Every structure is written in C-alpha cells, then in structure tokens.
Protein chains: 2
Amino acid sequence: MEGEKRSLNSELWHACAGPLVSLPTIGSQVVYFPQGHSEQVTALTKKEADAHIPNYSNLPSQLICQLHNVTLHAEAETDEVYCQMILQPVNAQEKSSYLLPDLGRQNKQCNEYFCKTLTASDTSTHGGFSIPRRAAEKVFPPLDFSQQPPAQELVARDLHDNEWHFRHIYRGQPRRHLLTTGWSVFVSAKRLQAGDSVLFIRDENGQLLLGIRRANRIQPSMPSSLLSSDSMHIGILAAAAHAYNTSSRFAIFYNPRASPSEFVVPISKYNKAVYTMQFSIGMRFRMQFETEDSSSRRYTGTITGIGDLDPVRWPNSYWRSLKVGWDESASGERQKRVSLWEIEPFTTPFLFCSPALTLRTKRPRTPGAEQAMINGK
Amino acid sequence: MEGEKRSLNSELWHACAGPLVSLPTIGSQVVYFPQGHSEQVTALTKKEADAHIPNYSNLPSQLICQLHNVTLHAEAETDEVYCQMILQPVNAQEKSSYLLPDLGRQNKQCNEYFCKTLTASDTSTHGGFSIPRRAAEKVFPPLDFSQQPPAQELVARDLHDNEWHFRHIYRGQPRRHLLTTGWSVFVSAKRLQAGDSVLFIRDENGQLLLGIRRANRIQPSMPSSLLSSDSMHIGILAAAAHAYNTSSRFAIFYNPRASPSEFVVPISKYNKAVYTMQFSIGMRFRMQFETEDSSSRRYTGTITGIGDLDPVRWPNSYWRSLKVGWDESASGERQKRVSLWEIEPFTTPFLFCSPALTLRTKRPRTPGAEQAMINGK
DNA sequence: CTGTGGGCAACGTGCCGACAA
DNA sequence: TTGTCGGCACGTTGCCCACAG
C-alpha cells in the first residue's frame with residue numbers, strides 16, 4: 001500500500017488531534033461508512049456530491065471491516081493531523097469480536113503536557129512567548145535559580161521531527177517564564193496567529209515535543225487542480241465497492257479535525273448502540289463537544305426524529321439517523337443529525353445476559369436494522 | 001457542475017502556461033484518454049496506480065467526447081495554472097467534425113508581453129527588479145522624461161485579480177529601468193526565487209497583467225490527507241466509465257505544467273496522426289519541447305518500437321504507443337514513449353483525397369486500430 | 001545593457017522592565 | 001499571574017550609484 005512513511009509520535013498526534021479523538025485498535029473489527037467518508041470530502045472541498053454520481057447498488061451503507069493498520073500523519077504544509085487506515089471487508093460469519101467491551105482504543109493520556117492559546121503579544125514581532133507558570137514548572141526542565149537571571153536552552157521536536165530551539169528565561173518584575181530567542185522563527189515558520197494554540201509535551205524519555213492546533217480550522221488551500229469533487233466521491237464509493245466485492249484491502253484517510261464525524265467506528269461501540277439501546281422521539285441525551293479552550297464538555301438535547309438522512313441513495317442507513325434539537329440557543333454550530341453511537345441517553349442502557357438471545361429479541365425498530373442483517377449478522 | 005468560479009484572463013493564463021500549451025476549442029470534439037488522466041494523478045501525487053485497481057472492461061482506452069466548456073483557473077496558493085473541462089462522450093455515429101482542419105485552438109498570441117527569469121539580485125532583499133530595456137519600452141506606459149529622475153506608479157493584476165503596485169523609475173549611471181517600492185512585497189508574497197520567471201502583459205485595454213512561472217515545477221505540498229491515490233485513480237476510471245455508459249457529462253482538471261502529456265486531444269489532430277500517417281520502426285521524427293528560457297525548440301529522435309504501454313490494463317491503446325530514442329545524449333529528461341500525434345515525422349504525411357476511402361484502405365497496422373473502430377468510427 | 005556590491009538612512013525586530021488587569 | 005506597552009539597541013531592508021562583464 002502507500003504507507004511508506006512511518007507513523008508519527010502517537011502522544012503528540014493525539015494531543016494535536018484533541019481530547020475527543022480516539023482511534024480504533026489495530027487488528028480489531030470496525031464499521032466503515034462510505035457515506036461518512038463522502039462527507040469528509042465534502043467538508044474539505046466544500047463541494048457537495050451531486051446527483052450525477054452512479055449508484056453502487058452492491059455497496060451497503062456500512063461495511064464491517066478488519067482494521068489491518070493505522071498510521072499517523074501530519075500535513076507537511078500545515079501540520080494538520082490525519083491518519084491512514086487499511087481496511088478489509090470481512091465475511092460477517094466470523095463475528096469473532098462480537099460485542100467485546102470497548103477496550104484498548106488508542107488514546108494515550110499524557111500528563112506532562114500543556115496547551116496555551118496564543119495571545120496577540122505572543123504572536124507579535126515585538127516580543128516572545130509568555131509561558132504560564134504552572135506549565136513551565138510541569139513540563140520544562142527545572143532552571144538553575146543560582147544564575148541571574150535563570151535561563152536555559154530548550155530543544156523541542158514537532159510532528160515532522162524537526163528541531164526547534166528556544167531560549168527559556170525567568171525574568172521581569174514580577175518574575176515570569178518566557179521563551180525569547182527562537183520563538184519568532186517558530187511562529188513565522190508555522191504561520192501561527194493569535195487564537196491558535198501551541199502545546200508542549202514531555203515524553204517518557206524526557207524529550208520535549210511540541211505541536212499546534214489552529215483556531216481557524218478552515219484551510220482554503222485546496223488541491224483544486226487535482227480531481228473534480230465528483231470524481232473524488234465516485235472514487236470513494238467505487239474503491240469501497242471494489243474492496244467489498246473482492247474482500248480485499250483498501251486504504252482511507254481520516255482527518256479528525258476536518259471530518260464532521262468519525263466514519264470508522266469500533267464494532268463494539270456500534271453494536272452497543274444499535275443492539276442494546278432503545279431510541280425514541282422525545283428522548284433526552286448528552287453528547288460531548290470540544291470547547292474553544294481545547295477541553296471537552298457535554299451538551300444536552302432531545303431526539304426529534306428518526307429516519308434516513310438520504311432515503312434515495314442510502315436507504316436504511318444508521319449514519320446520522322437521529323434528528324436532534326439542542327437545549328442551548330447558540331446551537332448553530334452543532335449538527336442537526338447524529339448517529340446512535342455518538343450520544344449518551346439519560347436512560348440506563350438495557351443490560352443483557354445472553355448476546356444471541358438479546359439480539360434476536362431486543363433489536364429496536366430503527367432504520368437499517370434489516371440492512372445490517374443482510375450485511376452479515 | 002462545479003465551475004462556479006468564472007474563467008480567468010485567457011491571455012495571462014496562456015502566457016503562464018507556456019508556449020506549447022494550447023487548449024481545444026469549446027464545442028469541438030476531442031479524444032479523452034483515461035490512461036493519460038491517471039498519469040497526471042501519478043505525476044502530482046508521485047504514487048503509481050497499483051494492481052489493486054479494478055478493471056473497467058467497459059471503458060475504452062479513448063473516448064470521443066464533446067467539449068462543452070473549458071474554464072481557466074489558477075491554484076490559490078501557488079498560482080499554478082490548470083483548467084476544468086466539461087466532457088460528454090458522444091455516440092460516434094455523428095462524426096460531424098470528422099477530419100476538420102486543426103483550426104481555432106485557443107492560444108492567443110500576445111505581443112505586448114515580456115518574460116524575465118529572475119536573477120539573484122532581483123530576488124534578494126537588497127534591491128529591486130532590473131527591467132530589461134526593451135521590455136520596459138514595449139509593455140510599460142512611457143515615462144515622462146522631463147522629470148528628474150523619470151518615474152511612475154505601475155499597477156498590475158495577477159491571475160487572481162489581485163492588484164500589485166510598483167514604483168517604476170529610470171535612473172543610475174548608466175541609466176536603466178527598475179522596479180523599486182512594491183517589488184519585494186510581491187517577491188515574498190509569491191515566494192519567488194532566483195530562476196523563477198515573471199511575465200508582464202499589456203492587454204487590449206492597456207491594463208497591465210503579471211504572472212509567474214516557477215522553475216521548480218515540483219510542488220511537494222500535496223493534499224495527502226484527502227484521498228488515497230488508489231481512490232483517485234479509481235475515481236477517474238469510474239467517473240469516465242459512468243459517463244461513457246450513460247452518455248452524460250463529466251468534469252476533469254487538466255494541469256498543463258504537471259501533466260506529462262495532454263490527455264484531451266482535438267479529434268482532428270488525433271485523426272490526422274492515426275489515419276493519415278505511417279509510422280514504422282527506425283523512422284526519424286522531431287518533437288517540440290519547452291526550453292529553460294520558456295521558448296520552444298525541437299529535438300530529434302528515432303522510433304525504436306511500436307506497442308502497448310500497458311498491455312494488460314489498456315490493450316490496443318494509442319496512448320504512448322511509440323517507443324523512441326533521442327539523438328542528444330542528455331535525454332534523461334525526455335520521455336521514452338510518446339503518442340503518434342505528439343511527433344512530426346520527417347517523411348511527408350500521406351495526402352488523401354476522399355476521407356472515407358482513405359480510412360478504409362490506409363489505416364496503418366498500429367495497435368488500437370480495432371479498438372478505435374469499436375469505439376465508434 | 002544589466003548583474004552585483006558598497007554606502008547609508010530608515011525601519012523593523014526583539015530583549016528589557018513597568019504597569020495594570 | 002500574565003497581557004500589553006514604552007524604551008532602546010541592533011540587524012535588515014531597500015534606495016542610491018559605481019563598476020565591470
């Protein structure tokens with residue numbers, strides 16, 4: 001395949017991707033949604049797939065796949081994180097990992113870490129970078145306070161393994177930690193602006209790593225000249241259909257910060273939502289979102305409808321099959337449709353004893369249930 | 001379709017594209033090669049299409065299409081020129097434009113024009129831009145030589161219709177034309193380096209236009225995170241196959257400076273080469289190439305073989321069906337395979353009287369002839 | 001005719017503590 | 001605790017001509 005570049009540092013990648021992004025375990029089974037993959041292209045090219053696209057009647061709306069490999073990458077130009085996944089549609093007879101608990105998703109938490117949103121002063125050419133006190137004490141090597149002023153040279157590596165050198169000094173009245181020499185080179189090289197965030201990590205070997213998260217997610221530097229967006233959408237569907245028909249491997253790219261929702265879902269997470277939970281109109285739920293300061297919080301809402309997002313092209317699909325309303329007024333940002341496995345209902349999930357029994361009797365009457373059966377369960 | 005952006009200035013676009021690029025006339029019939037389109041993706045992503053790609057046995061190696069529209073574009077980030085073409089496969093019964101002469105290709109020549117390759121001094125921060133004397137006199141508005149020194153403000157628009165302001169002054173001992181204030185802003189905004197070229201045009205309204213041609217054609221800022229290259233290749237083939245099966249329109253992007261060869265060829269040019277010329281091993285020919293100083297010159301070579309480039313996937317295709325050797329030793333740059341219509345044989349082309357008669361009797365025994373028959377002639 | 005370099009003034013960059021939010 | 005500012009030194013930018021290829 002085309003993953004000749006080796007995977008990047010996982011801790012740093014996840015720190016840049018944000019707190020809500022977790023990737024399925026290599027070797028596990030996942031559910032892949034061509035529909036969601038298409039949405040990622042729409043989000044990146046800002047071109048809707050139109051009606052000219054042929055119908056791949058063979059292709060189910062969800063494919064159960066073996067996840068053979070995941071490699072972590074970052075865009076050379078912008079440092080935007082993405083990953084490549086090698087998937088292989090599986091004959092669903094071998095439902096080996098059926099309803100396994102949701103263990104082992106790749107999301108190493110890192111404590112020796114800090115993230116700061118850059119101020120106007122941080123990014124101006126007039127001065128350096130003001131380090132929050134606790135951050136400096138937590139992740140940077142301790143200064144020798146016998147020197148006047150205390151100062152040291154820091155070396156940090158970014159996602160591309162480039163080294164960045166900074167002078168770290170503790171001075172001013174009152175005293176504060178600053179990055180001076182080297183900081184402006186970094187800011188201009190990465191084209192950082194006020195509002196973007198930088199994050200520093202000390203890894204297990206004591207090495208410093210640094211990454212960035214841009215406030216302005218919209219990168220209009222689109223590869224317009226390469227392929228028409230129609231051909232991209234067709235390419236996604238045709239590649240998935242071909243892999244499905246021949247049970248062969250195929251590669252996809254997942255861009256967590258550009259994609260509206262994850263379209264490769266651990267099968268356990270999918271099954272738990274589809275087979276053990278009840279959803280009905282009027283039901284209350286919570287859902288996690290990333291906040292402006294890169295932490296996560298839950299918003300609450302109500303299910304207002306259940307049905308197909310695209311009844312013509314993708315009938316009986318679970319992808320975004322719930323229409324929802326949000327409690328808070330400024331909800332223009334949040335999607336009007338979500339998938340079952342993205343939300344946490346307030347009601348206690350149904351607890352089952354025998355999987356086989358439960359599946360037969362308790363499968364809810366949500367769209368796509370029969371389709372899911374055909375697709376091998 | 002997705003051509004909501006209107007076409008750019010055609011004169012400027014062609015000046016940036018170079019002397020060898022000419023586009024087929026809108027409304028005319030063309031021959032589209034999926035194989036060549038795939039090569040463009042390979043050139044841009046530097047990833048070969050591999051064997052996993054499904055076979056579209058329906059899809060001929062060349063499609064006769066109606067060219068419904070051509071819109072000219074330039075990459076926002078790099079100003080690299082490309083165009084979108086709207087094609088529709090035609091039922092070859094209506095061979096209306098059959099063997100029409102090669103008239104009316106879009107390639108406006110522009111005389112009020114100059115192009116200069118930038119020197120180290122031009123791009124350094126130490127000074128401005130030294131304008132060749134004849135160039136300044138030909139395309140810039142005349143200076144008022146009663147002033148001491150003579151100077152004026154120039155305004156030029158680039159491909160994106162952005163305005164650039166320059167101070168044009170005639171001074172120094174000996175006197176020379178210079179661009180001073182405003183020049184370095186332009187150089188850094190466009191990220192120009194010594195060796196790149198700038199070109200100025202005065203259009204019919206007397207407006208100044210300016211464009212750039214980069215020496216280093218390789219732009220490694222690839223949109224890696226969007227789609228796997230396999231999916232792109234599949235997308236191209238599937239889109240073409242779908243359009244062919246349904247006789248519907250489809251959109252392609254052609255990037256003349258990245259693509260190894262043009263893969264949308266006027267049908268007259270194609271027919272002339274395929275039906276009225278003889279090619280044989282050992283035959284001598286000439287072919288045009290762009291030189292380093294952006295003009296064109298001819299290289300000579302010999303046909304060393306005739307046969308399929310990819311006998312498995314694209315049997316009987318005319319695409320690059322000639323193996324060639326080049327006379328000059330430093331020929332590493334030039335392709336080892338070319339298509340019939342790219343070269344000019346030294347022998348006089350066969351002159352025919354009745355097209356129908358000629359076609360039946362004089363069709364050469366080159367690969368793809370039967371395929372071409374099936375594809376509707 | 002035009003590419004490079006020295007001279008020089010104006011400007012921007014970047015380190016410092018003061019101050020206040 | 002940390003964001004912004006005035007002060008200030010120094011490095012860079014950019015306009016000029018001289019000189020030579």
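Atom set for the values below is all heavy atoms of this structure, side chains included, hydrogens, waters and symmetry mates excluded. Below, chains carry the letters A, B, ... as their sequence lines are ordered, and counting in each starts from 1. None of these values were measured; they are calculated from a predicted model.
Taking the charged nitrogens against the carboxylate oxygens, A:Lys190 and A:Asp79 do have a contact shorter than 4.0 Å, which makes a salt bridge. A salt bridge does not link B:Glu328 to B:Arg298: none of the charged nitrogens lies less than 4.0 Å from a carboxylate oxygen.
Protein atom CZ of B:Phe166 is 15 Å distant from nucleotide atom C1' of D:dG14, rounded to whole Å. C:dG17 atom C1' lies 15 Å from atom OH of A:Tyr170, rounded to whole Å. Look at CD on A:Gln173: it is 13 Å from C1' on D:dT1, rounded to the nearest Å. Nucleotide D:dG14 holds its P atom 19 Å from the NE2 atom of B:His168, rounded to whole Å.
For D:dT4, one of the phosphate oxygens OP1 or OP2 lies less than 4.0 angstrom from a side-chain nitrogen or oxygen of A:Ser121. Here B:Thr119 does not reach the OP1 or OP2 of C:dT2: none of its side-chain N or O atoms lies under 4.0 Å away. A sub-4.0 Å separation between OP1 or OP2 of D:dT1 and a side-chain N or O of A:Lys116 is absent. Side-chain N/O atoms of A:Arg171 include none lying less than 4.0 angstrom from OP1 or OP2 on C:dC15.
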Worksheet entry | From CA spacing to verdict: ring-ring contact (aromatic ring centres under 6.0 Å, His included), A:Trp13, A:Tyr82 | CA-CA 9 Å; A:Trp13 192 94; A:Tyr82 65 97; 8.6 Å; no
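Between A:Leu8 and the choices A:Asp158, A:Asp161, A:Val81, A:Leu159, the side-chain contact (heavy atoms from CB on, under 4.5 Å) rule is met once, by A:Leu159.
Backbone-only contact: A:Pro132 has heavy atoms under 4.0 Å from sugar-phosphate atoms and none from a base.
B:Ser296 and B:Gln288 share a side-chain donor-acceptor pair at under 3.5 Å. A side-chain donor from one of A:His165 and A:Glu153 sits under 3.5 Å from a side-chain acceptor of the other.
Axis angle, first five pairs versus last five pairs of the helix from C:dC1-D:dG21 to C:dA21-D:dT1: 40°, rounded to 10°.
Between the side chain of B:Gln40 and the backbone N or O of B:Asn255 there is at least one donor-acceptor pair closer than 3.5 Å. A:Asn205 places no side-chain N or O within 3.5 Å of a backbone atom of A:Gln207 that could act as its donor or acceptor partner. Of the possible polar contacts, none joining the B:Glu290 side chain to the B:Pro19 backbone as a donor-acceptor pair under 3.5 Å is found.
Ranking C:dG3, C:dT2, D:dG3 by closeness to the B:Pro174 side chain, first place goes to C:dT2. For B:Ala120, the side-chain atoms get nearest to C:dT4 when compared with the rest of C:dC16, D:dC16, C:dT4.
Across all their heavy atoms, A:Val187 and A:Asp122 have their closest contact at CG2-O, 4.4 Å.
The cationic atom of A:Arg202 (NZ for Lys, CZ for Arg) does not lie both less than 6.0 Å from the six-membered ring centre of A:Tyr113 and within 45° of the ring axis.
Contacts of residues 122-130 of chain B with DNA chain D (heavy atom under 4.0 Å): B:Thr125, B:His126. Within residues 175-187 of chain B, the residues that place at least one heavy atom under 4.0 Å from DNA chain C are, in residue-number order, B:Arg175, B:Arg176.
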